[in-house]
Amino acid sequence: MPVQLLKISKGKLETQLPSHLQREDLKYMQTGLDHTNKYFQGIVILSYPLIKLGDGTDFFKIVLQDDTCTRINSINILIYGKMAEDCAKLTRNGDTFVVAGFKVAESSTAKEDGRHACHLEVSEENGSAIYICTQPSTSPSEPASASVAPKYVYTPLKCLKDGTVVNLYGIVKFFKPPYISKGTDYCSVVTLVDQSNVKLTCTLFNGNLDSLPKIYKNGDIVRFHRVKIREYNGQMQGITSAGFASLTFDGTVGAPVVPRASSKVYTFIDEEQKIVEELRIWGASNLSVSGPEAKLSNVKPMLFFDLTCQLLGKAKVDGSSFLLKVWDGTKCPYPTWKVPVEAKELEGDKVLLHQLRSLTVDVLVYDNHVQLAKSLKIGSFLRIYSIHTKQASAKNEDASSHIEFHLHGGTCYGRGIGILPENNPDVEELKKFLECVELTDSQNTESVSSLELGDTFDNCTDLESPLQRCQQLSATGMCIFFCYFAVLTDHQDMSNTVLKTVLNSRAPQQYRIRAKLRSFKPQKLYQSVKLHCSKCNTLQEVPDGDAFDVILQGCAATAPNPELQSMSWYESVMWTTQDGKQRKITIHFVKHYEMLQRPENTLLMIEGGTLKEIWKLTRRFKCVIPVKSTEDDLELLDLSAPFLLQGNIKYYGCKQCSTPKTIKNLSSLAEKREPSWEPTEIAQALGIEPLQYVFVMKFTLVDGTGALNAYLFDYEKFFQIPASEILTNSFLQEKMEMTMNTLSPPGRKLDDLPWLECFIKSYNVAGMKHQVYYQIFDTTVAEDVV
DNA sequence: TTAGGTTTAG
């Protein structure tokens, strides 16, 4: 039978099937019966993500429902190889799916999923054929059921064709925040770029502000569904089509992959997380996304910049302009103009406006921005894009040297106003900073430098060694207010450098600094744990248990090879579960000098186990390696699954850098006098480049002379907690939380934060030579004061 | 329909 994969319209189904094929009823689907010249037809009710098996074979599983009314009316279809890849692209829930030339095998999940006792295996090797009929009532990319993830195909930007409706991923290179168009809708213009370096400008319309993408800065990553592609002025252009939907993600490498959705119901599957992470990594080295952001303390005349701020007051000025009074906690170094307005027109807390008058600036917005500005709520957090600072005109004698803030009419260069949600990371950081300012005597706002410095700046001398100071002070319980970090003895000869000097120096250099931790990210500490490949230097999220479970279920279809049982260096035990599923489990215990070892020293391989069973084994045995049989040897599963489990820790390998070898390569380790079963040794023997668990955090440090963001990239040294253990150990989680609460006590004003001492090094990243980054190194939180 | 990136000129 030829291998076929046809997408045909429903009415033509019966006539297009080869005439020798006869429809098979689900009740006759049994192993041992002849199903040649038979086909099975059902409706796709569930599809799983396409995965790669350990040998690189593509695997795709769907569930078909028979249209008969029998009690068990659904069956699992396991599709392998090229057909899996093709089906994953073409199949939608609700489609009618016809399969012929299948192999019938016992289903290992029947009891669990309540489906047919057999499953059907489909592949080129089996000489299978597949025919798919799309439901006429369902749009090709519409989910059939909200509970089931449909398969979306994402078109690279270089492959767009005029007149098509596509789904896209891209990095935002430019955007105009939604503004009120001259028609009936809000409009947002977004220019995307992807790894192909092709740009696409999309013009998006919607009557509902929330239905447009929630983009806050260039570098954000977006997913658009159902964008219509048209040619305009010789270039491809994207435009909203019916059912347009978007997700937006922070573009920062290592930040949590949390979508900001434009619709209440959306799908986002694990495979897509990878798309986002890959775009982030590509963007980090190929795009310069440093926007024209500025704090009020850094503005100059004749500047266009983006301001993240809080709205304190607003007032009508005249027909074409409107006043916004905003602050960001820092002080503008120039006298600022005050726009005269009638007192009755001014909205906002008058007392607060008076108290913060020297930190507040007046932004005059014009023309098309007036309507949106009027609707803003006092207290809300805003990003005002492309504000123009202007030196007061010389004609006006009263305004000899003051600076004016204008948001001119029009939307060029993304000019506009964006409303930021409370949970936006920049807003969280700003709120924390503003709280510090508010808690300080806000009448004394003439000198903001004293607010930022804090008056404890001179309380601590640098003469003693920080370590000594910690030891002395910990005895009195004062250490946390004074000095918290113990620096390592390697660099005791290094003297402290103030942040202003650090910020004004070229990279790369190393410094010892003394600063306060104003804020840190991520706030949810578990989000700071990532997996790092030291070879290709990529970071990725730690996979969740569900992904592992899906892979294990996929492998359950592969029967253990009897020829691989009990080889010279391992002893195998195989049994079939008696729970009705008839699942075959094989455990291969590695021997030492032909003897089985005590469980706590034993490495074992398991075939056909469930997640729960594997966890149970890790409690008893030293190492567990999930494997499956091939013709010649046992081999590892897909590298999305851990290649090794030891205690509570799942060890993963880098998909890009590993070249997995079969299990017999472990036998040389077993022959060692005392096998240590170190994960690195096991990885090396199996051709795996191991991923390391790492804490990745961003610390905002201040010392009164300046502020900088320093990255913490730490396996264990900083917190004295292995990053590999934190996700499964609640005691360590509490310890880390306590540490962070002590370093940066919530609700404490800047003056009362403890001083910290640490080492930082500055560096440049290729392609972004003018940008300097900072990383904490060789620093450990002093254990005796935690 | 609207806008279709590339600064107002108050």
Side-chain angles (χ1 to χ4, degrees), chain A residues 157 160 162 170-193 198-209 211-213 215 217-220 222 224 227-242 244 287-289 291-294 299-307 315-324 337-341 362-373 384-396 399 402-418:
Chain A
L157 299 184
L160 298 173
D162 184 24
I171 307 181
V172 176
K173 195 172 164 56
F174 166 82
F175 73 106
K176 292 185 176 184
Y179 59 94
I180 299 161
S181 76
K182 287 177 183 154
T184 58
D185 292 328
Y186 286 96
C187 176
S188 181
V189 175
V190 184
T191 301
L192 304 181
V193 63
V198 169
K199 284 193 288 180
L200 177 77
T201 299
C202 301
T203 312
L204 312 172
F205 297 103
N206 203 296
N208 178 3
L209 190 62
S211 297
L212 289 170
I215 298 166
K217 50 170 74 167
N218 290 336
D220 278 354
V222 292
F224 290 167
V227 186
K228 189 169 181 186
I229 303 299
R230 292 196 312 206
E231 199 180 312
Y232 177 77
N233 280 349
Q235 284 195 313
M236 289 303 165
Q237 174 198 55
I239 192 156
T240 33
S241 78
F244 171 83
L287 288 181
S288 166
V289 289
E293 287 174 45
V299 299
K300 296 179 195 116
M302 298 302 286
L303 185 75
F304 286 93
F305 72 103
D306 297 346
L307 178 68
K316 184 186 161 196
V317 178
D318 58 38
S320 67
S321 65
F322 195 82
L323 171 65
L324 299 177
W337 73 329
K338 295 295 169 192
V339 179
V341 289
D362 284 9
V363 181
L364 201 55
V365 312
Y366 295 91
D367 307 337
N368 56 313
H369 308 298
V370 170
Q371 198 181 340
L372 184 70
I384 309 180
Y385 299 93
S386 211
I387 294 186
H388 186 200
T389 53
K390 195 179 156 195
Q391 192 93 41
S393 102
K395 280 182 263 172
N396 186 344
H402 77 218
I403 195 169
E404 302 176 352
F405 296 85
H406 299 268
L407 184 72
H408 298 294
T411 60
C412 289
Y413 274 85
R415 198 183 305 128
I417 303 171

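Side chains included, hydrogens not; waters and symmetry mates left out as well; all remaining heavy atoms used.
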> Between atom CD in A:Q371 and atom C1' in B:dT2, what is the gap in whole Å?
Replying inline: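 Going from A:Q371 (CD) to B:dT2 (C1'), I get 14 Å.
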>> Using a 4.0 Å heavy-atom cut-off to protein, can you give one letter per nucleotide of nucleotides 4-10 of chain B, 5' to 3': B if the base is in contact, S if only the sugar-phosphate is, - if neither?
In response: BBSBB-B
> How would you label the glycosidic angle of B:dT7: syn (within 90° of 0) or anti?
Replying inline: anti
> Does A:Q235 CD have over 12 foreign heavy atoms under 6.0 Å away?
Replying inline: no
> For A:T240, which residues count as a side-chain hydrogen bond (donor to acceptor under 3.5 Å, both in side chains) partner, sequence neighbours excluded?
Replying inline: none
> So, A:S320 side chain and A:D367 main chain: donor-acceptor pair closer than 3.5 Å or not?
Replying inline: no
> Backbone N or O of A:E293 within a donor-acceptor pair of the A:D306 side chain at under 3.5 Å?
Replying inline: no
> Among all residues two or more places apart in sequence or in another chain, which pass the side chain to side chain contact (heavy atoms under 4.5 Å, CB included) test with A:N368?
Replying inline: A:T411
